[in-house]
Amino acid sequence: MNTSPRTGEAPTPADASDRTGAATGLARFGYSEVRRGMPDTAQRFTVTSPDLRDGDPLPADHWADAFDCTGGNRRVRLAWGGAPQATRGYAITMFDPDAPTGAGFWHWLVWDVPAGHTSLDAALPAGAVDGTNDLGTVGYLGPCPPVGDRLHRYEITVYALDVPTLGLPASTPPTIAAFTMSCHILGYARITGTVRR
């Protein structure tokens, strides 16, 4: 077990927050890293977006129009290339590992994107499935982190899969969809947006 460098005792939530660069005074939320869910053998490829540069703040028109946020809830457009040659389909997710839930928060899941597609705009390609997010609604749910909380990262990941379909209905809970997908990942590309209120 790791110990605090100051006391030799197990770290408190505040110690954990300090190590991750969180703002002080937010220990009530605690923080622990969520498992990656990515095989070590996964190859990296590239993804870009006309809406976002990697590591930059996510523009407000992509934020949620729910809870106490009034964003446009517009999903991020993506284009990718260089996926493994054996790719038979793609999945896309947006995940917040910094949500104060103990398990992160799934904002968006899409699967069964045909292997011939290398971009995602306003409409999904034929055959693609818009999955259920952690709010329990189908489709994209933009960010709306708690006011005064740490900086939240929204990891938008394109997965290259070794199957053309996951065989899952849109109503599949996001954790089950992610677990099913994890057995089929050949490679991935990621772009991250940030939000803090």
Side-chain angles (χ1 to χ4, degrees), residues 34 36-39 41-54 58-59 61-66 69 71-97 99 103-144 153-193 195:
V34 177
R36 289 187 325 128
M38 188 77 65
T41 56
Q43 299 175 34
R44 294 296 298 260
F45 56 101
T46 59
V47 61
T48 59
S49 172
D51 303 319
L52 174 69
R53 278 192 342 179
D54 188 40
L58 201 58
D61 59 337
H62 299 286
W63 290 26
D65 187 11
C69 288
N73 204 51
R74 187 169 65 86
R75 67 182 173 209
V76 176
R77 296 172 293 169
L78 303 168
W80 58 89
Q85 194 167 18
T87 300
R88 298 186 64 202
Y90 294 100
I92 296 112
T93 65
M94 186 168 87
F95 180 71
D96 174 7
F105 194 96
W106 294 100
H107 283 263
W108 184 34
L109 298 96
V110 175
W111 57 85
D112 295 0
V113 175
H117 279 75
T118 56
S119 65
L120 195 62
D121 289 317
L124 294 183
V129 177
D130 224 349
T132 300
N133 55 54
D134 266 337
L135 185 62
T137 60
V138 171
Y140 178 85
L141 174 66
C144 186
R153 296 162 293 160
Y154 295 87
E155 299 173 344
I156 302 167
T157 308
V158 180
Y159 300 90
L161 306 179
D162 64 4
V163 291
T165 179
L166 295 179
L168 300 173
S171 60
T172 304
T175 301
I176 299 301
F179 175 77
T180 303
M181 183 177 64
S182 71
C183 301
H184 299 286
I185 297 171
L186 297 173
Y188 72 102
R190 178 171 292 153
I191 188 169
T192 302
V195 174

### Task
Under the salt bridge (charged side-chain N to carboxylate O under 4.0 Å, His left out) rule, collect the residues that match up with Arg77, sequence neighbours excluded.
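Once residues adjacent in sequence are excluded, the partners of Arg77 under the salt bridge (charged side-chain N to carboxylate O under 4.0 Å, His left out) criterion are Asp51.
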### Query
Which residues pass the salt bridge (charged side-chain N to carboxylate O under 4.0 Å, His left out) test with Asp121, sequence neighbours left out?
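Per chain and number, Asp121 pairs via salt bridge (charged side-chain N to carboxylate O under 4.0 Å, His left out) with no residue.
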### Query
Where do Leu166 and Val129 land on the side chain to side chain contact (heavy atoms under 4.5 Å, CB included) test, with the steps shown first?
CA-CA 10 Å; Leu166 295 179; Val129 177; over 6 Å; no
Rounded to the nearest 0.5 Å, what's the gap from [atom1] on [X] to [atom2] on [Y]? Could you check?
X: Leu141; Y: Asp96; atom1: CG; atom2: CG; value: 10.5 Å
X: Gln43; Y: Leu186; atom1: CD; atom2: CG; value: 7.5 Å
X: Thr118; Y: Leu78; atom1: OG1; atom2: CG; value: 11.0 Å
X: Arg75; Y: Asp130; atom1: CZ; atom2: CG; value: 5.5 Å

Please name the pair of heavy atoms, one in [X] and one in [Y], separated by the smallest distance, quoted to 0.1 Å.
X: Ala64; Y: Cys144; value: CB-CB, 4.1 Å
X: Tyr154; Y: His107; value: CE2-NE2, 3.5 Å
X: Tyr90; Y: Ala83; value: OH-CB, 3.4 Å
X: Pro125; Y: Pro114; value: CG-CD, 3.9 Å
X: Ala128; Y: Val110; value: CB-CG1, 4.3 Å
X: Phe45; Y: Gly82; value: CB-O, 3.2 Å

Would you find a donor on one side and an acceptor on the other, under 3.5 Å apart, between the side chain of [X] and the backbone of [Y]?
X: Thr132; Y: Ala170; value: yes
X: Tyr159; Y: Thr93; value: no
X: Asn133; Y: Leu109; value: no

Could I get the full list of side chain to side chain donor-acceptor pair (under 3.5 Å) partners for [X], not counting sequence neighbours?
X: Thr46; result: none
X: Asp162; result: His184
X: Asn73; result: none

### Query
Does a side-chain heavy-atom distance below 4.5 Å link Pro59 with Arg74?
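Contact flag for Pro59/Arg74 side chains = no.
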### Message
Can you confirm whether Val158 sits close enough to Val113 that some side-chain heavy atom of one is under 4.5 Å from a side-chain heavy atom of the other?
### Response
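A side-chain contact under 4.5 Å is absent here.
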### Query
Given Ile156, which of Leu120, Thr192, Asp54, Leu52 fulfils the side-chain contact (heavy atoms from CB on, under 4.5 Å) condition?
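Result: among Leu120, Thr192, Asp54, Leu52, Leu52 is the only option passing the side-chain contact (heavy atoms from CB on, under 4.5 Å) with Ile156.
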### Query
Which residue pairs satisfy the ring pair (Phe, Tyr, Trp, His ring centres under 6.0 Å) criterion with at least one member in residues 109-129, sequence neighbours excluded?
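Listed by first then second residue: nothing to list.
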#### Entry: Greater than 12 external heavy atoms within 6.0 Å of Arg53's CZ
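12 or below, so no.
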### Message
In terms of relative ring orientation, are Trp106 and Phe95 parallel, tilted or perpendicular, with 30° and 60° separating the classes?
### Response
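Ring orientation of Trp106 relative to Phe95: tilted.
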